[in-house]
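If you scroll down you'll find the structure; I have some questions about it.
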Amino acid sequence: MIKDRFGREIDILRISVTQQCNLNCPYCHREGETNIEPVMSPAEIAKIVSSCAKAGIKKVKITGGEPLIRKDICEIIAQISHIPGIEDISMTTNGTMLKDTAQNLKKAGLKRINIGCDSYTSSILEKTAHKIKSGIIAAKDAGLDTIKLNMVVLKNVNESDIQNMIEFSKKSGAILQLIELIETKHNKQFFHDHYYPLKGIEKELASKADSIETRSMHNRKKYYLDGAVVEIVRPTRHEFCANCRTLRITSDGKIKPCLMRNDNLLDIVSGIRNGIKDNELNNQILRGIEKREPYVR
Ligand code: SAM
């Protein structure tokens, strides 16, 4: 397994396949991307993943924008699934188009799915709630395992829905992932108005939990309570960056060593388009890994 300069093992690749999205969540970090540039083809994505697999990447998370906007999303997954060394492919989606695609995604090789679900009663997702709900059912029927519901907890929007969401996730057999809002250049006012620290919730869950597990990724805690499973993602904790195992690729083919930074990107797709040799591409991936450093706020 490859480590970066800070001794962090890198085995996860988070790859954005588009910046387009059919929702317009006012807080979205857009995976730290700002430019709308042409996206990579399935073959270009597969070439990059293949090179990352040689460096030790084992898991691929597909993100966006909204990945299901791409008509060729199943082809992207199918190509990745044939790459030696890749053991797991997952996707994060807003779930609104999942109902009609879940079966084909599974057939193509998708194993797990995260569905953005900032709660059914909050105003932001009220209009799309029914689509997301049928997407969750379709994901289950297709045999996607595991299903996680991503709930970014927002003050004065959905913080009072946490208990309902725990119940809902329990009923639907999904893991609830409570996520602390990340501040970006583009959501400063929203962050100021709606940031909700999860420290208190975490304490409460710890006192109620039947058992607690710590994941190596970000040192995240997973709480098992009365049939429900709740994971807490708190990017403000020091351990978050110290235990980050993820290399990122932008939708326009650049290595992005950190979600929060855009000053250390490394363009790799241009090399592929200019016929770069495989060993040079492998070296570029290693150079990208070398650029990783824990984010200092
Ligand atoms: N459209 C897809 C989706 O909704 O999952 C993929 C892209 S979205 C950027 C990926 C995930 O990032 C979302 O599920 C949401 O939970 C999380 N997210 C977006 N903006 C965030 C923010 N400002 N702070 C914390 N998490 C955020």
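All ligand and atom numbering here is 1-based and tracks the order in the structure.
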- Quick one, list the residues around ligand 1 where some non-hydrogen atom comes in under 4.0 Å, by chain and residue number. Arg14, Tyr27, Cys28, His29, Glu31, Thr63, Gly64, Gly65, Glu66, Thr92, Thr93, Asn94, Asn150, Val152, Ile179, Glu180, Leu181, Ile182, Asn187
- Query: Can you check whether Ile276 reaches Gln284 side chain to side chain, under 4.5 Å on heavy atoms?
  - Reply: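 They are in contact (side-chain heavy atoms under 4.5 Å apart), so the answer is yes.
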- Task: Please examine the side chains of Asn22 and Met97, heavy atoms only from C-beta on, and report whether any two atoms are closer than 4.5 Å.
- Result: yes
- pair Val233-Gln177: side-chain heavy atoms closer than 4.5 Å: yes
- Item | Cationic N near anionic O, under 4.0 Å, Glu33 to Lys256 |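 Looking at Lys256 together with Glu33, the answer is no, because their closest N to O distance does not fall below 4.0 Å.
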- Item | Within 6.0 angstrom of Glu213 CD, more than 12 heavy atoms from elsewhere | yes
- Item | More than 12 heavy atoms from other groups under 6.0 Å of NZ on Lys188 |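 Yes, enclosed.
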